[in-house]
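Sequence lines set the chain letters: A, B, ... in the order given, protein chains first and strands last, and positions in each chain run from 1. When reading the values below, keep in mind they use all heavy atoms of this one structure, side chains included, and skip hydrogens, waters and symmetry mates. Bear in mind the structure is a predicted one, so any value in this text is a computation, not a measurement.
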Protein chains: 2
Amino acid sequence: MQEINVILVDDHAVVREGYRRLLERDLYIKVVAEGETGDEGYRLICDHLPDVVVMDITLPGMSGIEVTRRVLARVPEQKILIFSMHEDMVFVNRAFQAGAKGYVTKSAAPEVLIDAVRQVAMGKLYLSSEMAQLIAAQTIPGGEQSIDLLSGREFEIFRLLVQGQSLHEISEALHISYKTVANYQSNIRQKLGATTAAQVVRIALDHGIIWSADKV
Amino acid sequence: MQEINVILVDDHAVVREGYRRLLERDLYIKVVAEGETGDEGYRLICDHLPDVVVMDITLPGMSGIEVTRRVLARVPEQKILIFSMHEDMVFVNRAFQAGAKGYVTKSAAPEVLIDAVRQVAMGKLYLSSEMAQLIAAQTIPGGEQSIDLLSGREFEIFRLLVQGQSLHEISEALHISYKTVANYQSNIRQKLGATTAAQVVRIALDHGIIWSADKV
DNA sequence: TATCATTTCGGGAAGAATTCCTAACCGTAT
DNA sequence: ATACGGTTAGGAATTCTTCCCGAAATGATA
């Protein structure tokens with residue numbers, strides 16, 4: 001078996017240290033560089049062109065997904081494995097949309113990461129089994145493109161809801177009955193697979209309908 | 001120097017693996033057990049009574065801060081070091097309120113964690129320098145955020161709520177009555193000046209308690 | 001030590017919100 | 001014309017939320 005050159009990109013030094021030691025338990029895997037930010041990771045990847053990149057999503061500045069997109073725009077064959085704490089389908093979808101070759105969660109067993117790196121290096125796609133199960137089970141809030149299931153009116157009410165408006169305020173703003181708004185909310189939650197209001201807001205966040213104050 | 005027995009509590013197996021290898025680079029430090037959830041960590045700590053606990057905040061169910069509170073209620077002299085990705089002052093404050101002996105962020109240099117474990121084992125308090133700077137910077141311009149009005153328990157439930165957990169799930173995770181959680185939610189909303197669940201989530205966003213996929 | 005404030009915990013009851021069912025109305029596509 | 005989906009609501013049962021209360025534990029302070 002050939003040697004597998006790997007670049008790690010993660011903003012947590014201690015965590016990176018752990019990956020490196022874990023991955024190098026496999027004698028064929030060699031970590032050739034480590035990046036701390038999205039920009040640094042991008043430069044390192046373009047310079048080294050490693051066999052596999054293990055990349056976190058949450059990074060200072062450019063996110064791991066954005067780095068993936070940019071790298072693949074210049075080096076389409078580059079193999080990038082997303083290794084994230086996010087167990088949300090939205091992230092998995094975005095990762096593969098960006099062209100990532102694999103997605104592994106940090107809660108997976110250590111051996112899974114090694115396996116994933118080897119699989120991806122061989123040109124295969126890799127999705128950790130928990131994530132694959134999530135895809136199979138379609139009860140995930142925000143899974144698939146659930147937001148597209150919303151009708152125009154539903155989407156409009158959805159937006160007002162996640163902005164923090166009360167049902168009463170919405171009914172006045174739209175000149176419809178409170179009861180109608182309440183019914184819409186029920187339908188929206190069902191279509192999105194959400195059981196709590198917070199989950200609905202989270203879906204809105206994931207789709208960029210609203211955003212947090214400290215977002216760059 | 002005496003041997004330092006350590007217990008690790010973190011929900012990410014790969015990350016835990018990394019800590020273990022990193023910490024045991026120091027010959028006096030010995031990792032005697034690893035916990036994956038809040039409940040498991042609590043049991044392990046009570047059973048082993050290690051010299052130092054290295055604990056993440058974000059855990060399934062009970063948070064690391066909640067575990068800290070509970071452990072210290074029974075073993076007041078237990079030394080607990082919070083090791084979290086959160087660089088928000090809110091979390092540092094909560095950690096020390098709960099009785100933690102140290103707070104180190106995961107973005108700190110690897111040696112910092114080892115140093116922190118040693119300091120805490122010797123009975124000292126430890127705060128990584130970035131966090132110490134944040135404290136210094138925050139004392140002047142700060143100005144009483146509404147979120148500071150929340151008690152420890154209220155903040156704990158607040159976090160679970162905005163993560164999308166139902167009242168029933170929270171009551172099970174914290175082993176308290178549904179009614180208590182419902183009452184807490186009312187108090188939280190009042191203290192935060194929020195009338196809808198979505199507004200509560202927005203406040204959490206603004207304080208960095210949760211974040212959106214939109215950074216992707 | 002005694003005291004007072006705070007926090008944690010929950011029951012009861014009234015009121016509000018949510019769900020589920022139903023149905024009307026209106027375009028549009030078949 | 002018929003069928004379909006979207007918009008609009010009411011009714012009833014259920015669930016959630018608030019506001020009231022109090023008990024127990026904790027913590028600070030005099």
**Message:** Working note: B:D26 + B:I4, criterion side-chain contact (heavy atoms from CB on, under 4.5 Å); need CA distance, chi angles, decisive distance, verdict.
**Reply:** CA-CA 10 Å; B:D26 183 308; B:I4 302 173; over 6 Å; no

Rounded distance in Å - [atom1] ([X]) to [atom2] ([N]):
{"X": "A:R153", "N": "C:dG27", "atom1": "CZ", "atom2": "P", "answer": "15 Å"}
{"X": "B:E154", "N": "C:dT6", "atom1": "CD", "atom2": "P", "answer": "12 Å"}
{"X": "B:R69", "N": "C:dT6", "atom1": "CZ", "atom2": "P", "answer": "18 Å"}

**Item:** Axis deviation across the helix from C:dT1-D:dA30 to C:dT30-D:dA1, five-pair ends, to the nearest 10°
**Value:**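 End-to-end axis angle: 30°.
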
**Request:** Could you grab the distance from atom CG of B:D56 to atom CD1 of B:I82, nearest 0.5 Å is fine?
**Result:**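 Reported to 0.5 Å precision, the distance equals 8.5 Å.
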
Over 12 non-hydrogen atoms of neighbours within 6.0 angstrom of [atom1] in [X]:
{"X": "B:H48", "atom1": "NE2", "result": "yes"}
{"X": "A:R159", "atom1": "CZ", "result": "no"}
{"X": "B:E24", "atom1": "CD", "result": "yes"}

**Request:** Write down the atom of A:A198, the atom of B:V162, and the distance for their closest heavy-atom approach.
**Result:**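 Heavy-atom minimum between the residues: CB-O, 4.0 Å.
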
**Prompt:** Does anything in residues 75-85 of chain B pair up under side-chain hydrogen bond (donor to acceptor under 3.5 Å, both in side chains), and if so which pairs, sequence neighbours excluded?
**Reply:** none

N/O contacts under 3.5 Å, protein versus nucleotides 10-20 of chain C?
residue	atom	partner	partner atom	Å
C:dG10	OP2	B:S177	N	2.8
C:dG10	OP2	B:T180	OG1	2.5
C:dG10	N7	B:N183	ND2	3.4
C:dG11	O6	B:N183	ND2	3.0
C:dG12	O6	B:K179	NZ	2.4
C:dA17	OP2	A:Y178	OH	3.2
C:dA17	O5'	A:Y178	OH	3.2
C:dT18	OP2	A:Q185	NE2	2.9
C:dT19	OP2	A:S186	OG	2.3
C:dT19	O5'	A:S186	OG	3.2
C:dT19	O4	A:K179	NZ	2.9
C:dC20	N4	A:N183	OD1	2.8

Could you give the side-chain donor-acceptor pairs of residues 8-17 of chain A under 3.5 Å, partners two or more places apart or in another chain?
residue	atom	partner	partner atom	Å
A:D10	OD1	A:H12	N	2.8
A:D10	OD2	A:Y19	OH	3.2
A:D10	OD2	A:K106	NZ	3.1
A:R16	NE	A:E34	OE1	2.9
A:R16	NH1	A:D10	O	2.7
A:E17	OE2	A:R21	NE	3.0
A:E17	OE2	A:R21	NH2	3.0
A:E17	OE2	B:R25	NH1	3.0

**Prompt:** Pairs in or reaching into residues 169-197 of chain A: which pass salt bridge (Lys or Arg N to Asp or Glu O under 4.0 Å), with residues at least two apart or in two chains?
**Reply:** A:E154-A:K191

**Message:** Reading DNA chain D from 5' to 3', where do the contacts with chain B start and stop? Cut-off is 4.0 Å to heavy atoms.
**Reply:** D:dC16 to D:dC19

**Request:** Scan side-chain atoms only and decide if B:E156 and B:S63 contain a donor-acceptor pair under the 3.5 Å cut-off.
**Result:**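 B:E156 vs B:S63: donor-acceptor pair found between side chains.
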
